[in-house]
Amino acid sequence: MTRPTEGVSPVVPRLLLAGLSVTAVLALTLAPRSVVGPARGAFMALAERVGSPLVGYFSAGQLESVLNVMLFVPLGAASALLLGRGLWGFAPLLGVLVSFGVEYAQVRIPGRVPDLQDVFWNTLGAAVGAALASLMLRGSGPRRRRR
């Protein structure tokens, strides 16, 4: 009996996820503050309502770092899924490259402030996403019989 997804390439949804991740990262990091500010403010207000009292323990700078991590988790996961089992470890490297590119571009965008610490937090997010995806890849492979 064949499964309904048999014969369908997993690359298409993975490419879609990667494209959406890159689009979100670029939109949220390269758009002027006047565009991104209201969305960020709404997210922070939601985080305070939903995550209270946990959020209260963090400073604004620490919350910003958490946001940077969260922003790059989907990118790391999508990259790892595209690269596959043997190469998923390169996904954080892509996170570093995208993050450096964003920080470099922010130098020329009015109202944006590049920060090398963001590269660290973004890379951490990409690494977390890649690690989660590697667990998915490991669990989705063919099962080996134990002897």
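Here the closest heavy-atom approach between residue Gly76 and residue Ala91 is recorded as O-CB, 3.5 Å. What you find for Pro92 and Ala130 is that their closest heavy atoms are CD-CB, 4.0 Å.
Evaluation of the side chain to side chain donor-acceptor pair (under 3.5 Å) rule for Arg40 yields Glu64 as partners, not counting sequence neighbours. Every residue was checked against the side chain to side chain donor-acceptor pair (under 3.5 Å) condition with Gln106, not counting sequence neighbours, and none meets it.
Cluster membership check: Leu26 shares its hydrophobic cluster with Ile109, using side-chain heavy-atom separations under 4.5 Å among Ile, Leu, Val, Met, Phe, Trp and Tyr. Both Met70 and Phe58 are assigned to one and the same hydrophobic cluster, defined by single-linkage of ILVMFWY side chains at heavy-atom distances under 4.5 Å. Linking ILVMFWY side-chain heavy atoms closer than 4.5 Å, directly or via other members, places Leu75 and Phe90 in two distinct hydrophobic clusters. Taken together through direct or relayed side-chain contacts under 4.5 Å among Ile, Leu, Val, Met, Phe, Trp and Tyr, Leu124 and Val96 form parts of separate hydrophobic clusters.
Using a distance-only test at 3.5 Å, with no hydrogens or angles considered, a donor-acceptor pair links the side chain of Arg14 to the main chain of Leu81. With hydrogens and angles disregarded, no donor-acceptor distance shorter than 3.5 Å links the side chain of Glu103 to the backbone of Phe100. Between the side chain of Arg112 and the backbone N or O of Arg33, no donor-acceptor pair lies under 3.5 Å.
The CG atom of Leu97 lies 10.5 Å from the OG atom of Ser79; values are rounded to the nearest 0.5 Å. Separating the CG atom in Leu93 from the OG1 atom in Thr123 is a distance of 9.0 Å, to the nearest 0.5 Å. The CH2 atom of Trp121 sits 8.5 Å away from the CD atom of Gln62 when rounded to the nearest 0.5 Å. Distance check, rounded to the nearest 0.5 Å: OG1 of Thr29 to CG of Asn122 gives 8.0 Å. Expressed to the nearest 0.5 Å, how far CG of Leu137 lies from CG of Leu132 amounts to 11.0 Å.
Side chains of Val98 and Val22 form no contact here, defined as non-hydrogen atoms less than 4.5 Å apart. In this structure, Ser99 and Phe72 have side chains that are in contact, with non-hydrogen atoms separated by less than 4.5 Å. In this structure, the side chains of Leu71 and Leu67 stay at 4.5 Å or more apart for every pair of heavy atoms.
A donor and an acceptor atom, one from each side chain of Ser134 and Trp88, are nowhere located under 3.5 Å apart.
None of Val102, Val36, Val25 except one satisfies the side-chain contact (heavy atoms from CB on, under 4.5 Å) rule with Leu30; the exception is Val102.
Within a 6.0 Å radius of CD in Gln117, other residues, nucleotides and ligands contribute 12 heavy atoms or fewer.
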